[in-house]
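From a predicted model like this one, the values you see are computed outputs, not experimental measurements. Each chain gets a letter, A, B and so on, in the order the sequences are listed, and its residues count up from 1. Side chains are part of it too, since the values below use all heavy atoms of this structure and drop only hydrogens, waters and symmetry mates.
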Amino acid sequence: MRLATWNVNSLKARLSRVEAWLASSSPDVLCLQETKSTDAAFPAGRFATLGYESVHHGNGRWNGVAILSRVGLESPRPAFHGEDPAAVTECRIVAATCAGARVVSVYVPNGRVVDSEFYVAKLEWLARLRAELDATCAPGAAVAVCGDFNVAPADLDVFDPAQFAGATHVTGRERDALAVVLRWGLRDVVRELSPDGPGPFSWWDYRGGAFHKGEGMRIDLALLSAPLASRVTSAYVDREERKKGTSGEVPSDHAPVVVDIDW
DNA sequence: ATGGTAGCGCTGCTA
C-alpha cells in the first residue's frame, strides 16, 4: 500500500497538479490538508473518475482536510468523535478506514505567535488529538496519523535552528505536545528511514526563493502504529512536486510525503 | 533590502 499526505494550499488552485500527481505517483491512500474547500465544492466526482473514493471536511476559505482511497473507504468520520461536523468552525481532522488501516488526516493549527491565544490553542489541539487516539483506536491496530503538524519535531528538521530559536514550530512545548501524540504508539517512519539531516524537509516558504536555497522545515509527518511501521519499505518526501510546472503552474508550499507499506 | 509569495476575495487576513 502506498500512503501519502500532502498540504495542497487550496485544492481549487492545485486540482490539476493533484490529479497529475495521483496519476504519476499512484498512491492508494492520500491525505490532504488545506483544501480551502467546502464539502459542496469538493471535487469528489473528479477523484471518483480516477478510481478514488473520498471523504472531505471543510467549510471553505481556510483549513479543510480530506482522505482519498482506492483500496476502500469505510467508517468515514469528519471532525473529532462526538463532535457535530456541521458545527465545526475549523475543519482540521478527518478519519476513515482504508484496507483495514485507520487513517487520520490532520491539519494542526499554526499557532502564529508563541504564547498567543492561537499558540495555546495549538497545544490544546495536539492534546485533543492524543485524547482522540486514546478514545477511538488501539496502538496494536493498524493506525496512520498523517498530515501537516506545524511542528518540526527536532532541530534536525529545521534548515537553520539558530534562526528559528524561540519561534513557533520549534518550541519545547510544541515538541512536547507532539511527543505526547507519538507516545500513544506511533512512529515517525520518514525520520526512521532517513536518520541523517537536516531534512528531509516538506515545507518551504514561498518567499525569498527558500526552496531553491534549501531553506525548509519538516513539518508534514506520517506517523504509523507498530503493525504498519514494521512493514514500511520506503518513506520519503517527493521534492520534485515542489518545483514549478512546465506550464508555469504554481506548486503548493508543501511537498507530498510518501510511505510504501507491505500491506 | 525593515522586504518577500501565495490564496481568498475584494479588504486585509492567514500562512
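When all heavy atoms of Ser75(A) and Thr97(A) are compared, the pair lying nearest together is CB-OG1, 4.4 Å.
Atom CD in Gln33(A) sits about 14 Å away from atom P in dA15(B), given to the nearest Å. The OH-C1' distance, from Tyr107(A) to dT14(B), rounds to 8 Å in whole Å. Per the geometry, CG belonging to Asn9(A) stands 19 Å off P belonging to dC13(B), to the nearest Å. Between the CZ atom of Phe211(A) and the P atom of dA6(B) there is a distance of 14 Å, given to the nearest Å. Here the P atom of nucleotide dC8(B) and the NZ atom of Lys36(A) are 6 Å apart, to the nearest Å. Note: CD (Glu249(A)) to C1' (dA6(B)) measures 15 Å, nearest angstrom. Rounded to whole Å, atom P of dA15(B) lies 11 Å from atom CZ of Arg61(A). A straight line from OH of Tyr119(A) to P of dA15(B) spans 16 Å, rounded to a whole angstrom.
The shortest distance between side-chain heavy atoms of Phe159(A) and Trp204(A) does not fall below 4.5 Å. Counting heavy atoms from C-beta on, the side chains of Gln163(A) and Val158(A) never come closer than 4.5 Å. Contact of the Val258(A) side chain with the Arg2(A) side chain is registered, since non-hydrogen atoms from C-beta on lie closer than 4.5 Å.
Residues Gly60(A) and Arg112(A) both approach DNA chain B. Their nearest nucleotides, taken by heavy-atom distance, put Gly60(A) toward the 5′ side. The residue among Trp62(A) and Thr35(A) whose nearest nucleotide of DNA chain B is located toward the 5' end is Thr35(A).
OP1 or OP2 of dA6(B) sits under 4.0 Å from a side-chain N or O of Lys244(A). Taking 4.0 angstrom as the limit, Ser10(A) places a side-chain polar atom (N or O) nearer than this to OP1 or OP2 of dC8(B). Considering only side-chain N and O atoms, Arg207(A) lies nowhere under 4.0 angstrom from the phosphate OP1 or OP2 of dA15(B).
dT14(B) sits 16 Å from dG4(B) when the C1' atoms are compared, rounded to a whole Å.
No donor-acceptor pair under 3.5 Å is formed between the side chain of Arg112(A) and the backbone N or O of Phe118(A).
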